[in-house]
Amino acid sequence: MSQPKLYSVEEAIKAQKSLREAAGLGPEQFPIQAFVGMISDEIESLRKRGKTDDDIASLIQRNSAIEITAAEIAENYASPEERHQHSE
C-alpha cells in the first residue's frame, strides 16, 4: 500500500491563495469558532504540556495579527470527539 501524500500548511496556503486570486476572491476569512476548531489539536497538545488558555492566546497574539482571548479559546475549543467525528 502506498503512502498518502502529505503537504505542509504553508504549501496548502500557497495553493489556496493562488486559486482564490485566480478566481477573483479575496483572502479567506474564518470566524473565531472555525479558527479555534482548526487549531484544537495544537491547543490540546499545549494543554497537555501544562500551557493555559491564557498562555495559548498570548502565543497566538505574539505570532500573528489574530486577537483572541483565553475565554474565546475555551468557548470554541473542539474536543477530540468533535474533531474526529467528521472523518468517520
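We count residues from 1, following the sequence as given. Keep in mind that what you see is a predicted model, and the values were worked out from it rather than measured. Note that these values count all heavy atoms, side chains included, but never hydrogens, waters or copies made by symmetry.
Applying the side chain to side chain donor-acceptor pair (under 3.5 Å) test to every pair with at least one member in residues 4-13, sequence neighbours left out, gives these pairs: S8-E10, E11-K14.
A donor-acceptor pair under 3.5 Å is formed between the side chain of Q61 and the backbone N or O of I68.
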ask   = Are I60 and I39 close enough, and set up right, to give a side-chain contact (heavy atoms from CB on, under 4.5 Å), and what steps lead you there?
value = CA-CA 10 Å; I60 292 167; I39 63 168; 3.7 Å; yes
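Among all heavy-atom pairs drawn from G37 and A78, the shortest one is CA-CB, 4.3 Å. Annotation for L59 and N63: closest pair O-ND2, 2.8 Å, computed over non-hydrogen atoms. Counting all heavy atoms, side chain and backbone alike, I73 lies closest to V36 at O-CG1, 3.8 Å. Considering all non-hydrogen atoms of both residues, Y77 and E44 come closest at OH-CB, 3.4 Å.
Under the side chain to side chain contact (heavy atoms under 4.5 Å, CB included) criterion, K51 pairs with L46, D55, I56, sequence neighbours left out. With sequence neighbours left out, the salt bridge (Lys or Arg N to Asp or Glu O under 4.0 Å) criterion links D41 to R83. Under the rule for a side chain to side chain donor-acceptor pair (under 3.5 Å), the partners of R49 that lie at least two apart in sequence or sit in another chain are S45. Take R47 and apply the salt bridge (Lys or Arg N to Asp or Glu O under 4.0 Å) test, not counting sequence neighbours, and it matches D53.
Under the 4.5 angstrom side-chain criterion for Ile, Leu, Val, Met, Phe, Trp and Tyr, L6 has no cluster partners at all.
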N/O donor-acceptor pairs under 3.5 Å from side chains in residues 24-35, not counting sequence neighbours:
residue: E28; atom: OE1; partner: Q16; partner atom: NE2; Å: 2.2

